[in-house]
Amino acid sequence: MKRFGLSKNERIKKKKEISRVFNTGKRIYTNSRKLKAIFCFGEDDSGIIKIVPAVHKKAGNAVWRNRMKRLLRESYRLNKEILIDVIEEKTLLLMISPNSINKKKQPKLLLSDVQDEVIELLNKIKNQILTERDKTGS
RNA sequence: GUCACAAGUUGGGCAGUUGCUACUCCUAAGUUCGCUUUUAGAGUAGAGGAAAGUCCGAACUCCAAAGAACAGAGUGCCGGGUAACCCCCGGGGGUUAUAGGUGUAAACCUAUAAUUACGGAAAGUGCAACAGAAAAUAUACUUUCUCGCCACGGCGGGAUAAAGGUGAAAUGGCAGGGUAAGAGCCUACCGCUUUGUUAGUAAUAACAGAGGUCCGUUUAGGAGUCCCGAUUUAUCGGGAUCAGUGUAAACCCCACUUGGAGCAAGGUCAUGUAAAGGACUCUUUGUAUAGUUAUAUACAAAGCAAAGUUGUUCGCUUUGAUGGUUCUGGGUAGAUCGCUUGAUUCUGAUAGUAAUAUCAGAACUAGAUAAAUAAUUGCCAUCCCGCUUGCGGGAUACAAAAUUCGGCUUACAGACUUGUAACAUCA
RNA sequence: CGGAACGUGGCGCAGUCCGGUAGCGUACACGACUGGGGGUCGUGUGGUCGCGGGUUCAAAUCCCGCCGUUCCGA
């Protein structure tokens with residue numbers, strides 16, 4: 001796995017996995033409530049993190065939604081080493097999507113704004129996974 | 001030169017780093033030696049003029065074949081273009097505005113510009129609020145004129161449809177003659193209807209001719225005049241003889257077009273539309289064979305039933321017992337082709353007023369599928385703000401492929417080109 | 001990608017087919033009944049009929065184009 005890469009294997013492609021994340025995943029919000037994340041562990045163990053960005057249709061037009069998705073993917077790509085050590089041999093399914101943010105509130109999107117929010121999300125997920133592991137271990 | 005409008009073109013540029021998708025090459029691992037999967041790497045390519053809205057038209061695919069009639073839907077001046085069109089180009093008519101001319105005026109003519117869903121209202125039906133006497137068969141409120149009567153102001157009979165008022169709209173307009181008063185009652189001009197000639201492929205235009213008559217309860221009908229046709233050449237038949245208001249984006253009539261569904265079409269491979277259980281599932285006639293008969297089997301014909309033909313009917317097709325239809329039951333996984341070389345793009349020439357067509361040369365330009373085309377840095381370009389006047393900061397539209405084309409509609413910062421109008425300056 | 005419906009006072013809906021007065025319930029304001037509240041009765045306010053064009057004498061209604069909302073189809 002490349003350090004800053006994001007190949008096909010590292011993305012959620014199947015409908016089954018999407019519905020698994022939606023139904024059984026845990027939801028985490030940023031402090032500003034701009035973004036939210038849903039995550040859960042997959043069935044098989046491969047040591048890979050799979051992500052998918054999801055933008056609601058009401059958030060904006062096609063150009064805005066496309067840019068939002070690309071910025072989310074880019075932010076994750078640059079900061080994914082936060083979670084690599086944590087997952088060990090399991091498969092982590094992760095969905096990132098904007099919550100309260102939309103085109104009317106913020107017509108122009110910048111990478112710096114989105115990246116800070118994503119880093120905050122990833123750290124929260126890391127902490128939660130670590131605490132759960134301690135509980136099960138003890 | 002500034003600004004406005006219209007039409008057309010364009011839709012920021014160059015370089016570096018990281019990442020994504022497709023293809024080609026290549027590296028290593030695996031292999032049933034067909035290849036497949038994966039890893040590292042190199043090269044090339046990677047959103048639009050509207051990709052949008054999904055409003056029309058096609059290509060392509062399936063419905064056995066794509067048949068008929070009706071219904072429904074659509075189109076609607078004429079000609080051309082096109083694979084096709086509710087599209088485009090050209091022409092004609094109408095409407096509106098401006099300018100000029102004629103005229104007392106109404107109005108007409110000419111030019112320019114804009115606009116136009118523009119077949120039929122004389123096949124029939126419906127509707128026309130309020131106001132007004134009367135709203136589609138016309139009618140007669142106030143007037144106007146006249147005759148008769150008397151208490152001299154009205155009453156009654158008659159003529160008329162010009163004027164008044166209402167309305168969106170009042171049964172051609174205007175002027176003169178005429179009259180008791182009036183009226184196409186008569187005349188000129190305009191309009192309208194119709195016939196012919198000329199021009200034009202045609203819509204249509206120009207010119208020429210005819211048409212407003214009389215009797216009748218102003219109904220039916222008859223006479224006269226004009227036109228067309230036929231012949232026995234003076235008769236017969238047909239038509240016209242001045243509007244019968246508007247509305248067909250009301251029903252409708254006429255002409256033309258139209259089968260339905262759509263790449264989630266559809267093909268191939270894989271797989272659980274499975275396994276299991278329940279229900280329903282022909283009749284008659286003829287012939288042949290077996291049989292004592294009842295009947296059974298096979299074949300043929302006719303009918304019947306079910307399903308399909310995506311509104312109905314006809315017609316057609318399939319099926320009617322190792323099969324079919326339907327219900328219960330039970331749930332998985334998708335891959336690949338279609339998929340980009342095409343009514344293609346660019347350049348030039350020729351034909352045409354133009355849309356467009358033909359010919360020649362060159363080019364290959366996304367093909368994703370929870371869905372790639374991104375992030376960032378530097379320099380430049382354009383605009384805005386600030387002041388240190390050449391620096392700093394900010395901004396650069398509308399909007400992103402999803403089978404593919406041709407149009408339409410809508411959104412759009414800036415730049416460039418051409419044309420028109422106004423203003424300023426110079427000659 | 002394909003198909004369908006809706007938009008009318010603050011809210012929920014009629015009226016649109018077949019053109020001419022915009023109406024109903026609720027809410028709001030005022031008054032009456034009551035010692036007061038609730039309730040009932042009466043009166044009143046409040047609508048660019050989603051937006052823009054067209055047809056017509058006249059458009060919420062007919063036609064065309066946009067905008068928004070909702071639903072359906074593997």
Side-chain angles (χ1 to χ4, degrees):
Chain A
M1 200 189 292
K2 279 192 281 186
R3 192 163 182 282
F4 290 111
L6 191 63
S7 65
K8 251 181 177 177
N9 283 350
E10 298 176 60
R11 281 176 286 176
I12 300 179
K13 289 271 186 187
K14 293 183 179 178
K15 199 172 180 180
K16 204 177 174 181
E17 292 173 332
I18 299 269
S19 54
R20 180 181 169 84
V21 170
F22 258 116
N23 293 330
T24 65
K26 292 183 177 172
R27 287 158 200 256
I28 284 185
Y29 297 86
T30 57
N31 290 330
S32 62
R33 298 268 166 187
K34 280 184 177 173
L35 299 182
K36 68 176 176 184
I38 312 175
F39 70 97
C40 70
F41 288 106
E43 289 173 336
D44 50 343
D45 297 340
S46 59
I48 291 175
I49 308 174
K50 287 189 169 189
I51 75 145
V52 62
V55 185
H56 195 253
K57 205 174 181 182
K58 298 279 172 64
N61 60 9
V63 175
W64 191 92
R65 293 201 307 269
N66 259 338
R67 183 167 173 81
M68 189 75 213
K69 278 156 78 175
R70 282 163 185 161
L71 289 177
L72 287 174
R73 200 184 296 134
E74 183 75 9
S75 307
Y76 169 78
R77 186 175 71 79
L78 295 172
N79 298 287
K80 67 177 181 178
E81 77 270 12
I82 295 174
L83 287 175
I84 286 177
D85 302 332
V86 178
I87 59 158
E88 297 174 337
E89 290 301 313
K90 291 177 179 174
T91 300
L92 183 68
L93 303 176
L94 176 64
M95 177 184 283
I96 308 174
S97 61
N99 188 35
S100 66
I101 189 168
N102 57 30
K103 197 194 177 186
K104 279 187 182 176
K105 288 183 184 172
Q106 193 168 346
K108 293 205 164 139
L109 293 168
L110 293 175
L111 181 69
S112 56
D113 301 341
V114 178
Q115 193 169 345
D116 295 344
E117 300 276 333
V118 170
I119 290 172
E120 184 189 339
L121 268 181
L122 295 179
N123 281 321
K124 280 191 173 186
I125 293 169
K126 183 181 180 183
N127 291 333
Q128 190 148 355
I129 292 174
L130 286 176
T131 52
E132 282 198 13
R133 189 194 295 164
D134 292 345
K135 275 183 192 175
T136 53
S138 65

Which nucleotide, in any strand shown, forms a Watson-Crick or G-U wobble pair with [N], with both distances under 3.5 Å?
| N | answer |
| --- | --- |
| B:A203 | none |
| B:G259 | B:C63 |
| B:C5 | B:G419 |
| B:G229 | B:C236 |

Query raised in the report: What integer number of Å spans the P atoms of B:A58 and B:G260?
Result: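 Rounded to whole Å, the distance is 11 Å.
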Report task. Pick the P atom in B:G196 and in B:G90, then give their distance to the nearest Å. Result ->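 It comes out at 35 Å once rounded to the nearest Å.
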Interatomic distance, [X] [atom1] vs [N] [atom2] [rounded to whole Å]:
| X | N | atom1 | atom2 | value |
| --- | --- | --- | --- | --- |
| A:R70 | B:A400 | CZ | P | 12 Å |
| A:E74 | B:U376 | CD | C1' | 8 Å |
| A:W64 | B:A411 | CH2 | C1' | 21 Å |
| A:R67 | B:A47 | CZ | P | 17 Å |
| A:L111 | B:U17 | CG | P | 20 Å |
| A:N61 | B:A50 | CG | C1' | 15 Å |
| A:K80 | B:U18 | NZ | P | 16 Å |
| A:M68 | B:A400 | CE | P | 17 Å |

Requested in this report: Compare side-chain N and O positions of A:R77 against OP1 and OP2 of B:A374 and report whether any pair is under 4.0 Å apart.
Outcome: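 Negative; the distance criterion is not met.
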Query raised in the report: Dot-bracket for RNA chain C, 5' to 3', counting Watson-Crick or G-U wobble pairs under 3.5 Å, with [ ] for crossing pairs and | for inter-strand pairs?
Result: ((((((((.[[[[.)....(..]]]].((((((.....)))))).....[[[[[..)....]]]]]))))))).
Query - Approximate separation, where rounding is to 0.5 Å, of A:K80 NZ and A:L122 CG - result: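 It is 12.0 Å, given to the nearest 0.5 Å.
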**Report entry** Nearest-nucleotide 5' precedence on RNA chain B, A:L110 against A:V52
**Finding:**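 Nearest nucleotide further toward 5': that of A:V52.
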Query raised in the report: Of all the choices, B:U373, B:U376, B:A399, which nucleotide is nearest to the side chain of A:V63 once you look at every atom?
Result: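 Per side-chain heavy atoms of A:V63, the pick is B:A399.
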Query raised in the report: Any donor-acceptor pair under 3.5 Å joining the side chain of A:N66 to the base of B:A400?
Result: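 Indeed, a donor on one side and an acceptor on the other fall under 3.5 Å apart.
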